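Working notes, structure below.
Position 1 is the first residue of the sequence; numbering continues from there. Fair warning: this is a prediction, and the values are worked out from it, not measured in the lab.
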Amino acid sequence: MDTSHHHLSALFDELGLPAEPEAIRRFIASHPLAADQKIYQADFWNEAQRDFLQSALEEDADWSDAVEQLTVMLSR
């Protein structure tokens, strides 16, 4: 079973964003990361979202896999 959508949905919920599959696809399509930009450095996050993403990666938290997956998806 592919649980990647579940992890992304949970991450979007945690970030306070719409977490339905179509909303996630629209977000990814309209929020590209610049080359070599860390996900938490993007200007489309608010301060709380930025802090969450940064700590998830730096602390290798339970969320780190989902954050890394989102990073890849935004770095097209």
>> Is there a side chain to side chain contact (heavy atoms under 4.5 Å, CB included) between M73 and I24? Walk through the geometry before answering.
In response: CA-CA 11 Å; M73 297 173 89; I24 292 172; 5.6 Å; no

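Evaluation of the side-chain hydrogen bond (donor to acceptor under 3.5 Å, both in side chains) test over residues 55-64, restricted to residues two or more places apart or in two chains, returns Q54-E58, D60-S64. Sequence neighbours left out, the pairs with a member in residues 14-35 that pass ring-ring contact (aromatic ring centres under 6.0 Å, His included) are F12-F27, F27-H31, F27-F44, F27-W45, H31-F44.
Distance check, rounded to the nearest 0.5 Å: CD1 of I28 to CG of L70 gives 5.5 Å. The OG atom of S9 sits 10.5 Å away from the NE2 atom of H7 when rounded to the nearest 0.5 Å. The line from CG of L11 to CD of Q49 is 9.5 Å long, rounded to the nearest 0.5 Å.
With sequence neighbours left out, the salt bridge (Lys or Arg N to Asp or Glu O under 4.0 Å) criterion links E20 to no other residue.
Closest heavy-atom contact between D13 and A19: OD1-CB, 3.5 Å. Considering all non-hydrogen atoms of both residues, K38 and L33 come closest at O-CD2, 4.3 Å.
In this structure, L53 and T71 have side chains that are not in contact, with every pair of non-hydrogen atoms separated by 4.5 Å or more.
Using a 4.0 Å cut-off between a side-chain N of Lys or Arg and a carboxylate O of Asp or Glu, E47 and R50 do not qualify as a salt bridge.
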